[in-house]
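Below: the structure, in structure tokens.
The structure displayed is predicted, hence computed values, not measured ones.
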Amino acid sequence: MEISKYNFKTIEEKWQKFWLDNKSFESKINAEKEKFYCLEMFPYPSGKIHMGHVRNYAIGDVLSRYKTLNGFNVLHPMGWDSFGMPAENAAKQNKTNPKTWTEQNVETMKIQLKQLGLSIDWDREISTCSETYYKHQQKIFLELYDKGLVYRKESYVNWDPVDQTVLANEQVIDGKGWRSGVNVERKKLNQWFFKITHFAKELTDDLKLLENWPDKVKTMQKNWIGKSFGCEIDFEISGSNNVKSIKCYTTRPDTLFGLSFLALSIDHPISKYYNKSDDFIKFKDECSKTGTTEESLAQAKKIGFKTDLIAINPFNRNIKVPVYFANFVLMDYGLGAVFGCPAHDQRDLDFAKKYKLDVKTVVRPNDSDDTYLVKDEAYTGTGVICNSEFLNGLKVPSESISKTIEILEQKKLAVRKTNYRLKDWGVSRQRYWGCPIPIAYDENNKIIKIPENQLPVKLPDNVDINSNGNPLDKQDDWKNIIIGGKKCIRETDTLDTFVDSSWYFLRFCSSNNKVEPFNKNEVNYWMPVDQYIGGVEHAILHLLYSRFLMRAISLENKDIDIKEPFNGLFTQGMVCHETYRDEENNWLSPEDVFSKDGKEYFLINKKNQKVKVGPSESMSKSKKNTIDPQNMISQYGADAVRFFILSDSPPEKDVQWSDDGMISSFKFIQKFWILNEKIIKITSLKDFHDENIELNIFTNRAIDKINKSLEKFRYNLIISTSHEIYSFFSKAIETNKNFKNLRENFEKILIVLIPVIPHLANECLEKLNYDKEIIWPRVDNKYLDDEKIKFVIQINGKKKFVIDVEKNIEEKKAINQVQESGLLKKYINNKKFVKTIFVKNRLINYIFD
RNA sequence: GGGGCGAUGGCGGAAUUGGUAGACGCGUUGGUCUUAGGAACCAAUAUGGCAACAUGUGAAGGUUCGAGUCCUUUUCGCCCUACCA
């Protein structure tokens, strides 16, 4: 018997060409068919694909192919999130320009993705840095502006005084600019904002509708939006001609009798009365030093600046307390003013201790314990109100908060208020490589929308990105324009790249539409995305922004009324690898080290030098623990890589890269090919043997398992089932018997393996001369159930032995059968029988005393 | 400080959702075939014990006829977030 070796290279190329030539994955509206929109988060074109991409797109591809084979009309597109800072940085380093750099990367990565054999409709490819994409985004921006969802205001940025540039939070390391290494300053700039807070309530409430999202992500979003109930209390102020009252937001009005100070943000409007005071200016400087994003200083000491103001407790006008400016009060949450109740808030307590303010206990855990006093730790738990006149005895928090608000409202001292932590989305970036904001300013600095006929605002090509600051700002010929005969200056900020990725799923519905961002019929047919797949690191911002933009676009829109863009969400885990370091603690690549026993590692070029092995961590360039997918594909083929990356770990968990595992997957592909060759040989024999029922039983069960694994996103179980399939069929054909049903069963198996190993499975089918339509096989339930089942016999809850019984056996019959077996005797001895517990088709538990 | 997730053999991980713990893969050991094997195939592989059997899912309790799975406490690890009034 001649068996050819599986040449993955030519065969994978052959099928990829076939799919391309036949437009196998082209998607068109078809009202007859049920649609399925499968979307994986599109990549940033950083250079070449990494293992995280491979995993992400392998998962999505399995699902897409599965749905297609089940008769769905599948949309499975791909694009490039191609604006963003790395392009600018790379361009500076390599002395090219961001556009060339980006386009080259896209080309490389596209070839790589194609090599993975993904079922992508490449005709719908989009790239956010292309004018054909961002010109529509500018229209959307202006539409939102007209709807009142876009506005401009002053806000703080991280400013690098050396590079003269704005830094993103992640570029600020230990309070210093990542490139310049000098202390970052806070600077106020005029910036554009999207009014995401307009939808704060909806964005929280509608999380309930997202049944196919992981709870984890929903919780994170909920916490991020941060809804809280409370009230705004008006405090009367004495001691000043300027200030008559200050409003504070609180969720704990019930602790009002514990008031011992008011604290204001340094940006509170009242601060203007103190801006002439040198002491106050000094204090402000002090605050801005510690006030940025750093973790270490987050727990910084609480400091305050005492004013001459005196606040009066509205519940008891005899209680008069000082007013401070304090570094721990934020202007952009609530009202930028809080009342301090040290006994029941740790921050307030820290502050009160420092400035020797009163600490009055007004909640005690237990009503009977009237000696309870708060000392070193604020008490925030449940209990009962005390020392609070007419509030005494109220249960905390069930009665106390609502009751107190009622009283305050009656006395017109406060209004009920729901607050959100969520802030409006700042979309201005002082950068070149982004979508230009379609706005200009006239000589009076009045905002002018770029008129329709002057759109799109194109990003100029030849700018100097090597000098400091925002390159567009220095591009005078671009910046200065005439609108309606008037001289104007363009907005030189570009849009946050999160804007690009907040509507790309809509663009995919009409990728090639030159006139509009998307066509309403196409969007209404394909949207929402049925399954969105990507990393959990986007659980908050990207997903929240997309949910916002979908609502913003649907607002006052008679053509489109979609609120949630992603019906189903799946967050996949990371790809991890051990980390290696040399004696000087420099990171080493897996390619630089070797091991004989898998325990001790040595340098490959200095064989006697030991390597320190660290824990397995998410693959990252900085730790050098990456494996290049390209090498793996070239060495082992796409099917083997797909097979491996889906094996072992369930997709939502991290997966460990293992060279042995990779090789084992490669061997599986080879073995499976040989199995197919053998089956071709056997089934070409003319003498048929009787049906082998075992084949039907096994095949149906295997397919049933795979179906269930697919539905539950447990793709790792498809891999283990594949191994079982291999070993079952290898055994089944050992006798060289051509069972009547061998071929038909094996063909079914090949079809269900298409999603994971599409090249091999298709090639095997072709070699078997399979000429019917390739559709997902139906499971015949009659093969799923056993006639006989293994029945467990327990004594006092512990398994002792197993007997074979017929299915659905009655309790009495089962007990008889146990008795007849005679196996029970030896466990009984002299123990006293109490009762039996019978679980149908499972077990009998004999209870003895 | 807040929130989330997790802990099962030497390793990655299964377990019909409260009912035979360890599927499948890797590794290891033994064997077959080989000039050779880091190839292929076969077998074994949770622990202790010759065995019968006993013990075993981070730890300690609890509920139950029965717990990897439910409850309470606790330890450790990872991720997200940052003074949210």
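- Distance from the side chain of A/Thr219 is smallest for B/G3 among the nucleotides B/A23, B/G66, B/G3.
- Considering only side-chain atoms of A/Asn327, the nucleotide from B/C84, B/C83, B/C41 that sits closest is B/C83.
- Straight-line distance from the CD1 atom of A/Ile266 to the P atom of B/C83: 14 Å, rounded to whole Å.
- Looking at heavy-atom distances under 4.0 Å, A/Lys227 makes no contact with the nucleic acid at all.
- Comparing the C1' positions of B/G13 and B/C24 gives an interatomic distance of 9 Å, to the nearest angstrom.
- Between B/U72 and B/C79, the distance separating the two P atoms is 26 Å to the nearest Å.
- In this structure, A/Asn716 places its CG atom 15 Å from P of B/A23, rounding to the nearest Å.
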Apply side-chain contact (heavy atoms from CB on, under 4.5 Å) to A/Ser228 and A/Tyr333, showing your working.
CA-CA 11 Å; A/Ser228 70; A/Tyr333 183 78; 3.1 Å; yes

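- Candidate nucleotides B/C24, B/G13, B/C83 were compared by shortest atom distance to the side chain of A/Pro650, and B/G13 ranks first.
- Here, B/U75 and B/G61 have their C1' atoms 15 Å apart, quoted to the whole Å.
- Counting non-hydrogen atoms under 4.0 angstrom, A/Asn419 reaches nothing in the nucleic acid.
- Nucleotides of RNA chain B nearest to A/Tyr726 and A/Lys798 differ in position, and the one nearer the 5' end is that of A/Tyr726.
- Under 3.5 Å, the side chain of A/Lys835 and the base of B/C65 form no donor-acceptor pair of N or O atoms.
- In this structure, A/Tyr726 has its ring center at least 6.0 angstrom away from the ring center of A/Phe728.
- Comparing B/G13, B/G4, B/A85 by their closest approach to the side chain of A/Ser649 singles out B/G13.
- Figure legend: cation-pi geometry between A/Lys417 and A/Tyr249 absent, as NZ or CZ is not positioned both under 6.0 Å from the six-membered ring centre and within 45° of its axis.
- Summarising the base pairing, B/A7 is matched to B/U75 through a Watson-Crick or G-U wobble pair whose two defining distances lie under 3.5 Å.
- Both distances falling under 3.5 Å, in either a Watson-Crick or a G-U wobble arrangement, place B/A46 opposite B/U55.
- Here the nucleotide nearest the side chain of A/Val792, chosen from B/G19, B/U20, B/C84, is B/U20.
- The residue A/Lys423 sits apart from the nucleic acid: no heavy atom pair falls under 4.0 Å.
- Contact check, A/Arg714 against B/A15: a side-chain N or O comes under 4.0 Å of OP1 or OP2.
- Applying the 90° cutoff around 0 to the glycosidic angle, B/U45 is assigned anti.
- Side-chain atoms of A/Asp424 come within 3.5 Å of backbone N or O of A/Ile196 as a donor-acceptor pair.
- Pair assignment for B/A15 gives none, since no Watson-Crick or G-U wobble pairing has each distance under 3.5 Å.
- Using a 4.0 Å heavy-atom distance criterion, A/Leu330 is classed as a base contact.
- Taking the P atoms as reference points, B/U81 lies 36 Å from B/G10, given to the whole Å.
- A/Val655 comes within contact range of no nucleotide atom at all, as no heavy-atom separation falls under 4.0 Å.
- In this entry the distance linking NZ of A/Lys216 with P of B/G4 reads 12 Å, nearest Å.
- A/Lys800 comes within 4.0 angstrom of the backbone, heavy atoms only, and of no base.
- Side-chain N/O atoms of A/Arg421 and base N/O atoms of B/U81 include no donor-acceptor pair closer than 3.5 Å.
- Here A/Ser228 does not reach the OP1 or OP2 of B/C84: none of its side-chain N or O atoms lies under 4.0 Å away.
- Applying the 3.5 Å distance criterion, the base of B/G1 shares no donor-acceptor pair with the side chain of A/Gln346.
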As a quick check of understanding, evaluate salt bridge (charged side-chain N to carboxylate O under 4.0 Å, His left out) for A/Lys354 and A/Asp350, giving each step before the final call.
CA-CA 6 Å; A/Lys354 171 148 189 178; A/Asp350 295 343; over 6 Å; no

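- In terms of position along RNA chain B, the nucleotide closest to A/Gly797 lies nearer the 5' end than the nucleotide closest to the other residue of the pair A/Gly797 and A/Leu335.
- The gap from the P atom of B/G31 to that of B/G37 amounts to 12 Å, rounded to the nearest Å.
- At least one side-chain nitrogen or oxygen of A/Tyr333 sits closer than 4.0 Å to the OP1 or OP2 atom of B/A85.
- Base pairing of B/C84 is not made with any nucleotide, judged by Watson-Crick or G-U wobble geometry with both donor-acceptor distances under 3.5 Å.
- Distance noted for atom C1' between B/G62 and B/A67: 11 Å (whole Å).
- In this structure B/G66 sits in the anti conformation; its chi angle is more than 90° from 0.
- Remark: P of B/A15 and NZ of A/Lys708 are 12 Å apart, rounded to the nearest angstrom.
- In this structure, the side chain of A/Arg416 does not engage the main chain of A/Phe229 through any donor-acceptor pair within 3.5 Å.
- The side chain of A/Lys667 lies closest to B/A39 when the candidates are B/A39, B/A15, B/A85.
- Listed nucleotides: B/C80, B/C84, B/G19. Nearest to the side chain of A/Gln794: B/G19.
- More than 12 heavy atoms of other residues, nucleotides or ligands lie within 6.0 Å of CD in A/Glu811, so this atom counts as buried by the packing criterion.
- In this structure, B/G37 makes no Watson-Crick or G-U wobble pair, since no nucleotide meets both defining distances under 3.5 angstrom.
- Of the listed nucleotides (B/A85, B/A82, B/G12), B/G12 has the atom at the smallest distance from the side chain of A/Asp648.
- With B/A82, B/A15, B/U20 as the choices, the nucleotide that has an atom nearest any side-chain atom of A/Lys799 turns out to be B/U20.
- The separation of B/U69 from B/G18, taken at their C1' atoms, amounts to 7 Å, rounded to a whole angstrom.
- Residue A/Phe668 contributes atom CZ, which lies 10 Å from atom P of B/G25 at whole-angstrom precision.
- Crowding of A/Asp804 atom CG: a count of heavy atoms from other residues, nucleotides or ligands under 6.0 Å exceeding 12.
- If you check B/A85, B/A23, B/G66 against the side chain of A/Asn845, the one that comes closest is B/G66.
- Rounded to a whole angstrom, the distance from the C1' atom of B/C83 to that of B/C5 is 25 Å.
- Using bins of under 30°, 30° to 60° and over 60° for the plane-to-plane angle, the ring pair A/His344/A/Tyr379 lands in the perpendicular bin.
- Residue contacts shown for A/Thr251 are limited to sugar-phosphate atoms, with no base heavy atom under 4.0 Å away.
- Both distances falling under 3.5 Å, in either a Watson-Crick or a G-U wobble arrangement, place B/C70 opposite B/G62.
- Whole-Å rounding puts the A/Ile669 CD1 to B/G25 P distance at 15 Å.
- Distance A/Asn223 CG to B/A82 C1': 12 Å, rounded to the nearest Å.
- Judged by distance alone, with hydrogens and angles left aside, A/Asp660 brings no side-chain donor or acceptor close enough to the base of B/C26 to form a pair under 3.5 Å.
- To the nearest angstrom, P of B/A67 lies 11 Å from CG of A/Asn796.
- Looking only at side-chain heavy atoms (C-beta outward), A/Trp213 and A/Gln221 come within less than 4.5 Å of each other.
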